Amino acid sequence: CAPEVMLKLPWSTPADIWSAGCVFYELLTTNDLFTLDSDDSDTDLSESTDHMHIDAIGGNTTNTATSANINGNRGSNADDDDGSGSDSYADDYESDSDSSGGFDPDIVYSHLSGIYQLLGKPPARFIKGGREYYNSKGYLKHNPDLKPVNLREVMTNEFDCPRGVADSAHEFLLRMIKYRPEERATASALLESRFLRNAEQQTNTVNGAQNSGINTNSTSSSRKHKK
């Protein structure tokens, strides 16, 4: 779930873009981007980064945080606004409290911890809406020293993604996984992204080669028949 949904803040279609990012990562690696199971033994943040699977993000956050290197995942999501409601976010997005209620606080905290590891401190409106999870400075209450996860390195080292693929996939993913819904890419913008254009070109190249092979075999077979 997008953070605004879990914190019962106003939300709308950009929450679907967040979900699309999570699905994209799962299709790429066969692992969840964030875990919602805080009791899963595979989600121990104290394990070494050499075996840090991405589904460990957010899991078992009462343990000592792992020490991973910062690699720019945080982007420009964190800000210093005062949370006074001066932006138009609440006016632009309709709230659906029925759909966003009923989350177990431990699961929410686990999920927000994973998001924190990937994106850093949230904007002020998220801190204000999640007072039970964040302190006044935007750090997690129970894990203020939680370290970021190097997602690009996880894709490369844990899932054997070639560096070029990991770089472009990381860039594509972070267009969808942003705190502020208004900063997430739209579906139409994602369709024009470099990552999908390159994927389409590679698919066309493979299909062209396969079609060429079929025609060659067909021609060869025809010649043999004539002989």
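Every value quoted in this text rests on a predicted model; they were computed, and no experiment measured them.
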Q | Listed partners of E171 passing side chain to side chain donor-acceptor pair (under 3.5 Å), at least two apart | A | R194
Q) Which distance, rounded to the nearest 0.5 Å, do you find between the CZ of R131 and the CG of L7? A) 11.5 Å
Q: Output the distance between atom CG (N150) and atom CD (Q117), rounded to the nearest 0.5 Å.
A: 12.0 Å
Q) So, N143 and Y109: side-chain donor and acceptor under 3.5 Å apart, yes or no? A) yes
**Q.** Distance (rounded to the nearest 0.5 Å) between I177 CD1 and C22 SG
**A.** 4.0 Å
Q: Check which hydrophobic residues are tied to V165 through side-chain heavy-atom contacts below 4.5 Å, counting indirect links as well, and list them.
A: none
Q. Taking only residues two or more places apart in sequence or in another chain, which ones pass side chain to side chain donor-acceptor pair (under 3.5 Å) with T186?
A. S188
**Q.** Check: Y134 ring centre within less than 6.0 Å of Y139 ring centre
**A.** no
Q: Run the numbers on I115 and W18 for side-chain contact (heavy atoms from CB on, under 4.5 Å), then give the verdict.
A: CA-CA 11 Å; I115 296 171; W18 177 284; 3.6 Å; yes
Q.
For Y179 and Y116, I'd like to know if the aromatic rings sit close, meaning centre-to-centre distance below 6.0 Å.
A. no
Q: Output all residues satisfying side-chain contact (heavy atoms from CB on, under 4.5 Å) with L191, sequence neighbours left out; order by chain, then residue number.
A: L196
Q. Rounded to the nearest 0.5 Å, what separation is found between the OH atom of Y25 and the CG atom of L173?
A. 8.5 Å
Q. At what distance, to the nearest 0.5 angstrom, does CG of L119 lie from NZ of K178?
A. 8.5 Å
(Q) Restricting to side-chain contact (heavy atoms from CB on, under 4.5 Å), what partner residues turn up for I17, sequence neighbours left out? (A) M176, R184, A187, L190
(Q) Quick check: closest heavy atoms across G129 and L9, and the distance to 0.1 Å? (A) CA-CD2, 4.1 Å
(Q) Could you walk me through whether S168 and N198 satisfy the side-chain contact (heavy atoms from CB on, under 4.5 Å) test, starting with their C-alpha distance in whole Å, then the side-chain angles of each, then the deciding distance to 0.1 Å, before giving a yes or no? (A) CA-CA 10 Å; S168 58; N198 290 343; 5.5 Å; no
Q. With T156, which residues qualify under side-chain contact (heavy atoms from CB on, under 4.5 Å), at least two apart?
A. R163, A166
Q.
Between R125 and E182 (salt bridge meaning N to carboxylate O under 4.0 Å), is one present in this structure?
A. yes
Q) Rounded to the nearest 0.5 Å, how far apart are CH2 of W11 and SG of C1? A) 9.0 Å
Q | Minimal non-hydrogen separation, G138 against I127, with atom names | A | CA-CD1, 3.4 Å
